Amino acid sequence: QVQLVESGGGLVQAGGSLRLSCAASGRTFSSVSMAWFRQAPGKEREFVAFVTWTTGITVYTDSVKGRFTISRDVAKNTGYLEMNSLKFEDTAVYYCNAGGKYYGGTNYSPGPYWGQGTQVTVSS
């Protein structure tokens, strides 16, 4: 069993920055990846980015490339999503996910482990 706890959300003006954290517990992440998804009001949950836990390979959805950076600290079992140049359309609840599978491009199938979500609100 894996537990994921996000933190770091909040209210920020357009153009600002936030860093989200996802602390994992319950098992080692030697063979899984960690990803971030987001869900805006009235929209489906969408993939944002993922990182392979052991090699640090990253993939991003097109809308956040060049603005967001996903990373992980293996020793702390914690993943991060650094968000810069935030836009109004980035407003959403952001969810951490673990144990998913990558199929190429931006095709990432989420794993069974989800955090509780953290709200990010960008004011225009």
Side-chain angles (χ1 to χ4, degrees):
Q1 188 69 10
V2 173
Q3 294 80 43
L4 302 174
V5 178
E6 299 108 334
S7 61
L11 173 64
V12 64
Q13 289 187 333
S17 300
L18 283 173
R19 187 174 84 153
L20 307 182
S21 299
C22 176
S25 61
R27 59 167 285 180
T28 62
F29 279 79
S30 61
S31 60
V32 300
S33 57
M34 181 177 280
W36 290 90
F37 286 73
R38 65 186 181 186
Q39 187 167 19
K43 295 187 177 180
E44 293 186 354
R45 191 171 297 188
E46 66 170 349
F47 167 78
V48 177
F50 95 92
V51 60
T52 56
W53 202 251
T54 51
T55 59
I57 296 171
T58 59
V59 175
Y60 299 89
T61 192
D62 287 346
S63 62
V64 307
K65 283 181 181 176
R67 300 189 298 121
F68 290 13
T69 302
I70 188 172
S71 63
R72 84 277 186 251
D73 185 324
V74 175
K76 294 182 178 179
N77 247 17
T78 300
Y80 304 96
L81 186 67
E82 183 78 31
M83 305 184 295
N84 298 313
S85 301
L86 282 161
K87 304 176 181 180
F88 176 75
E89 49 265 39
D90 294 319
T91 295
V93 177
Y94 283 71
Y95 296 91
C96 178
N97 176 267
K101 292 185 179 180
Y102 177 58
Y103 294 96
T106 56
N107 297 310
Y108 183 85
S109 178
Y113 309 111
W114 291 94
Q116 82 284 2
T118 185
Q119 176 71 46
V120 171
T121 303
V122 184
S123 61
S124 58

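Small disclaimer: the values here were computed from a predicted structure and weren't measured.
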Please report the interatomic distance [atom1]([X]) to [atom2]([Y]), rounded to the nearest 0.5 Å.
X	Y	atom1	atom2	value
Met34	Thr78	CE	OG1	7.5 Å
Leu4	Tyr95	CG	OH	13.0 Å
Met83	Thr69	CE	OG1	11.0 Å
Ser63	Lys87	OG	NZ	8.0 Å

Inset, instruction - Determine, stepwise, if the pair Glu89 / Val122 fulfils side-chain contact (heavy atoms from CB on, under 4.5 Å). - result: CA-CA 8 Å; Glu89 49 265 39; Val122 184; over 6 Å; no
Inset, instruction - For a side-chain contact (heavy atoms from CB on, under 4.5 Å) with Tyr60, tell me which candidate from Thr106, Ile70, Val48 qualifies. - result: Ile70
Inset, instruction - With side-chain contact (heavy atoms from CB on, under 4.5 Å) as the test, would you mind laying out the steps for Tyr102 and Ile57 before giving the verdict? - result: CA-CA 11 Å; Tyr102 177 58; Ile57 296 171; over 6 Å; no
Pairs meeting criterion salt bridge (charged side-chain N to carboxylate O under 4.0 Å, His left out) with involvement of [range], two or more places apart:
range	value
residues 104-124	none
residues 40-57	Arg38-Glu46
residues 67-79	Arg67-Asp90

Taking all non-hydrogen atoms of both residues into account, name the closest pair between [X] and [Y] and its distance.
X	Y	value
Ser124	Ala14	CA-CB, 4.4 Å
Ala40	Ala92	N-CB, 3.8 Å
Gly100	Ser33	O-OG, 3.6 Å
Val59	Gly105	CG1-O, 3.3 Å
Ser17	Ser85	OG-N, 4.4 Å
Tyr94	Trp36	CB-CE3, 4.4 Å

Between [X] and [Y] (side chain of the first, backbone of the second, donor and acceptor by atom type, cut-off under 3.5 Å), is there such a pair?
X	Y	value
Thr118	Ser7	no
Asn97	Tyr113	yes
Glu6	Gln116	yes

Inset, instruction - Classify the ring geometry between Tyr108 and Phe50 as parallel (under 30°), tilted (30 to 60°) or perpendicular (over 60°). - result: parallel
Legend entry - Path from Trp53 to Phe37 over hydrophobic side-chain contacts below 4.5 Å: no
